[in-house]
Amino acid sequence: MAKAMKGGAVSESVPIYYEEMSKVAGTENDKQSITLIATDDAYNFGDYITLRSRTGHKPQVLTDRGAIISERMAEMMDAKVGDTITVTDSSGTERKVRVDGITEMHIGHFMFMTSGGYKHVFGEQYQSNAYMVRLKNHETSNVESRSAKLIKLDGAKGIVQNTTSKKQVATIVDLPDQIMEVLILAAELLAVVILYNLTNLNVSERIRELPTIKVLGGLGVLVYRRLKTVDMLGALKSVE
């Protein structure tokens, strides 16, 4: 496995500890999945995942005191920097973690720790069980192709791609635009229908009015002038 993480299509990689944790929280009070990522190379961790605050983009530094959690996770647990939160690990044991920072992330619930912080919380020696990998070619098709090859390696249990998160973000961002396009189209169709009906109504009223004026002795030219005057006054009134 370690050999496959070097050279070839891989630009660089770093060993990490990866674990899926959980927490019963949220508006529905249901079980939420939390991804724990711990590293023994906090100095270079920023080359893979950017940890920063949403306001001011202030860098969030990993320390051995606690964990940096994602903004969405902080909102779910109503947690602030300095608070102590409780999460459940994969074995069902509850773990208390100090919130050392909150990073800008709007998709998923994440918790980042150093190897020292992991040992402090779990009471166990840190040992990596996964790799974070950066490919030389970031195209989606290449990522999927390389993922298919890596999953076939001995010891590989699963692969998590950040392209999935990117697709989710793109879908969320594009959805309001699609809705606005539908609303604009519906408004344009409605305007055409209304103007068409108003024009037909106006013409039908004028058709009734024209014979009446002629019977009363009005001249055709005067009648048409009167109709134009009425139409112009109506247009000016609508502009006001």
Side-chain angles (χ1 to χ4, degrees), residues 1 13-46 48-55 58-133 147 150-151 153 155-169 171-172:
M1 178 67 73
S13 64
V14 62
I16 60 168
Y17 177 80
Y18 179 95
E19 182 178 346
E20 287 293 335
M21 310 187 76
S22 62
K23 175 68 177 181
V24 177
T27 55
E28 301 296 330
N29 202 33
D30 53 357
K31 188 176 181 180
Q32 303 285 338
S33 177
I34 300 172
T35 300
L36 167 64
I37 296 178
T39 178
D40 60 353
D41 188 8
Y43 182 79
N44 295 312
F45 189 77
Y48 298 88
I49 298 179
T50 301
L51 302 178
R52 67 184 188 185
S53 64
R54 179 175 58 84
T55 305
K58 182 180 179 180
Q60 301 295 293
V61 182
L62 288 168
T63 69
D64 295 340
R65 296 175 301 178
I68 294 176
I69 65 176
S70 61
E71 186 175 17
R72 189 163 177 260
M73 179 178 170
E75 292 175 355
M76 174 188 71
M77 303 181 70
D78 193 23
K80 299 178 179 61
V81 176
D83 292 349
T84 299
I85 60 176
T86 302
V87 294
T88 305
D89 63 20
S90 56
S91 66
T93 305
E94 290 191 346
R95 307 287 186 176
K96 293 186 180 296
V97 184
R98 180 184 184 275
V99 179
D100 211 26
I102 298 174
T103 184
E104 181 184 18
M105 280 188 175
H106 305 284
I107 300 295
H109 305 305
F110 290 87
M111 187 165 60
F112 305 96
M113 305 177 70
T114 63
S115 55
Y118 172 86
K119 184 178 180 180
H120 175 72
V121 172
F122 291 86
E124 301 174 358
Q125 197 65 32
Y126 171 86
Q127 185 175 1
S128 62
N129 63 356
Y131 285 90
M132 279 199 302
V133 180
S147 297
L150 291 174
I151 196 62
L153 296 174
K157 293 184 178 180
I159 294 178
V160 179
Q161 305 176 20
N162 67 348
T163 52
T164 303
S165 299
K166 289 181 179 180
K167 288 180 180 178
Q168 291 177 347
V169 172
T171 300
I172 294 173

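If you read the sequence from its start, that first residue is 1, and numbering goes on from there.
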Chemist: Check step by step if side chain to side chain contact (heavy atoms under 4.5 Å, CB included) holds for I37 and T35.
Modeler: CA-CA 7 Å; I37 296 178; T35 300; 4.1 Å; yes

Chemist: Could you check whether E94 and T86, counting side-chain N and O atoms only, form a donor-acceptor pair closer than 3.5 Å?
Modeler: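 Note: T86 and E94 side chains miss the donor-acceptor criterion.
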
Chemist: For V99 and K80, run side chain to side chain contact (heavy atoms under 4.5 Å, CB included): C-alpha distance rounded to whole Å, both residues' side-chain angles, the deciding distance at 0.1 Å, then the answer.
Modeler: CA-CA 7 Å; V99 179; K80 299 178 179 61; over 6 Å; no

Chemist: For Y17, is there any backbone N or O sitting under 3.5 Å from a side-chain donor or acceptor partner on E19?
Modeler: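 No, the answer is negative, given that no donor and acceptor are paired below the 3.5 Å cut-off.
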
Chemist: Contact between E71 and F110 at the side-chain level, heavy atoms closer than 4.5 Å - yes or no?
Modeler: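 No. Closest side-chain heavy atoms not under 4.5 Å.
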
Chemist: List the steps, then state whether side chain to side chain contact (heavy atoms under 4.5 Å, CB included) holds for I69 with I85.
Modeler: CA-CA 10 Å; I69 65 176; I85 60 176; 4.3 Å; yes

Chemist: Given the rule in the side-chain hydrogen bond (donor to acceptor under 3.5 Å, both in side chains) test, do S90 and E20 qualify, once you have shown the distances and angles that lead to the verdict?
Modeler: CA-CA 6 Å; S90 56; E20 287 293 335; over 6 Å; no

Chemist: With the side chain counted from C-beta on, respond yes when T88 and S22 share a heavy-atom pair under 4.5 Å apart, and no when they do not.
Modeler: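 Sidechains of S22 and T88: in contact.
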
Chemist: On a heavy-atom basis, which atom in S13 and which in Y131 lie closest, and how many Å separate them?
Modeler: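 So the minimum-distance heavy-atom pair works out to OG-CD2, 4.4 Å.
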
Chemist: Is it true that a side-chain atom of T103 and a backbone atom of R52 form a donor plus acceptor pair closer than 3.5 Å?
Modeler: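 Flag set: sc T103 to bb R52 pair under 3.5 Å.
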
Chemist: Looking at OG1 of T39 and CD1 of I16, how far apart are the two atoms once the value is rounded to the nearest 0.5 Å?
Modeler: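 T39 OG1 to I16 CD1: 7.5 Å, rounded to 0.5 Å.
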
Chemist: Which of these passes side chain to side chain donor-acceptor pair (under 3.5 Å) with T114: D64, D41, D40?
Modeler: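 Of the listed options, the one satisfying the test is D64.
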
Chemist: Looking at side-chain heavy atoms only, is the closest gap between I49 and L51 below 4.5 Å?
Modeler: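 When only atoms from C-beta onward are counted, L51 and I49 do touch, with a gap below 4.5 Å.
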
Chemist: Does Y18 offer a backbone N or O that forms a donor-acceptor pair with the side chain of N129 under 3.5 Å?
Modeler: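 Checked: pair present.
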
Chemist: Is any side-chain heavy atom of I34 less than 4.5 Å from a side-chain heavy atom of M73?
Modeler: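 Yes, side chains in contact.
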
Chemist: Quick check: do L62 and F112 have side-chain heavy atoms less than 4.5 Å from each other?
Modeler: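 A side-chain contact under 4.5 Å exists here.
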
Chemist: Less than 4.5 Å apart, side chain to side chain, heavy atoms only: is that true for R72 and M105?
Modeler: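 No, side chains not in contact.
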
Chemist: Examine the side chains of S53 and T55 and answer whether a donor and an acceptor come within less than 3.5 Å of each other.
Modeler: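 No.
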
Chemist: First locate atom CD of Q60, then atom OG1 of T50, and finally report the distance between them rounded to the nearest 0.5 Å.
Modeler: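 It comes to 12.0 Å.
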
Chemist: CE/M21 to NE2/H109 distance, rounded to the nearest 0.5 angstrom?
Modeler: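 NE2 of H109 is found 14.0 Å from CE of M21.
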
Chemist: At what distance, to the nearest 0.5 angstrom, does NE2 of H120 lie from CZ of R65?
Modeler: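 If we round to the nearest 0.5 Å, H120:NE2 and R65:CZ are 11.0 Å apart.
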
Chemist: Between OG of S115 and CD of Q125, what distance do you get to the nearest 0.5 Å?
Modeler: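 Answer rounded to 0.5 Å: 8.5 Å.
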
Chemist: Given Y126 and E124, is the side-chain hydrogen bond (donor to acceptor under 3.5 Å, both in side chains) satisfied, shown in steps?
Modeler: CA-CA 6 Å; Y126 171 86; E124 301 174 358; over 6 Å; no

Chemist: Output yes when a side-chain donor or acceptor of D78 lies under 3.5 Å from a complementary backbone atom of E75, and no otherwise.
Modeler: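 The answer is no, because no donor-acceptor pair under 3.5 Å joins these two groups.
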
Chemist: Go through V81 and I102 one step at a time and tell me if the side chain to side chain contact (heavy atoms under 4.5 Å, CB included) criterion holds.
Modeler: CA-CA 7 Å; V81 176; I102 298 174; 4.2 Å; yes

Chemist: Using a 4.5 Å cut-off on heavy atoms from C-beta on, say whether the side chain of M111 contacts that of V87.
Modeler: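 They are in contact (side-chain heavy atoms under 4.5 Å apart), so the answer is yes.
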
